[in-house]
Amino acid sequence: LEELLSEVESGSFIEEFISSFTTNQTSFFREATQFEDFHNRFLRENFPFSNKLNVLCAGCSSGEEAYTIAICYLYAKNIMRLPGTYSLKITAVDIDIERLKTAKDGVYDAQNADRFPLWVKEGVYFERFEQKGKKYIKIKDDVKNLISFEKHNLSSIKSNFKTGFFTFVKKFVNFAF
């Protein structure tokens, strides 16, 4: 045990240590009313004043909430018939590199699609596939291309994020401009 502790203190197993102590709680449309408000009210009220929206998804884990934001944006952009000059950039950050790999791949168990609202259509935002007898969904590139997944430790970031983000933090939404 002492040998293991010594290795951890010297920096070995740092990724394993971080992964074992992070929450990793996430899901698509986790707080449905917040996402409904985002695409039904927030986007409608703010896009007439700005055609560019930057989003920081802090503690993004495996990416489901970042993808949910992107899906809501694409849906709202379509129903509001916004021109191509309107854009969204999501910076999704987490400390766990294994969870970020899952986020970047955008492949999830097919049961995740059960949480999707009826307006989230297969073929538009995701595709279904089967591999080795297991069913999956894969997020489409149009959605994935809106998001940059990055490794950051939020407790050590020295304000390298610009102001003007719409900040989405698990279980809390803060509209900040």
For the residue pair [X] and [Y], establish whether any side-chain heavy-atom pair is separated by less than 4.5 Å.
| X | Y | answer |
| --- | --- | --- |
| Val93 | Leu56 | yes |
| Ile90 | Tyr73 | no |
| Tyr108 | Thr102 | yes |
| Asn112 | Tyr67 | no |
| Trp119 | Ile71 | yes |
| Cys60 | Leu100 | yes |

Taken in chain and number order and not counting sequence neighbours, the residues that satisfy side chain to side chain contact (heavy atoms under 4.5 Å, CB included) with Asp114 are Gln111
With hydrophobic residues grouped by side-chain heavy-atom distances under 4.5 Å, do Leu88 and Ile79 end up in a single group?
-> yes
Nearest-0.5 Å distance, [atom1] of residue [X] to [atom2] of residue [Y]:
| X | Y | atom1 | atom2 | result |
| --- | --- | --- | --- | --- |
| Glu150 | Asp94 | CD | CG | 12.0 Å |
| Ser87 | Lys77 | OG | NZ | 7.5 Å |
| Asp141 | Leu146 | CG | CG | 11.0 Å |

Shortest non-hydrogen contact between [X] and [Y], atoms and distance:
| X | Y | value |
| --- | --- | --- |
| Lys144 | Ile139 | CD-O, 3.3 Å |
| Gly63 | Phe149 | CA-CE2, 3.8 Å |
| Ser61 | Ala103 | O-CB, 4.1 Å |

Partners passing salt bridge (charged side-chain N to carboxylate O under 4.0 Å, His left out) against Asp105 (at least two apart in sequence or in another chain) | Lys101
Would you mind writing out the side-chain donor-acceptor pairs for residues 123-134 within the sub-3.5 Å range, not counting sequence neighbours?
from: Glu127; atom 1: OE2; to: Lys140; atom 2: NZ; distance (Å): 3.3
from: Arg128; atom 1: NE; to: Glu122; atom 2: OE1; distance (Å): 3.1
from: Lys134; atom 1: NZ; to: Asp109; atom 2: OD2; distance (Å): 3.4

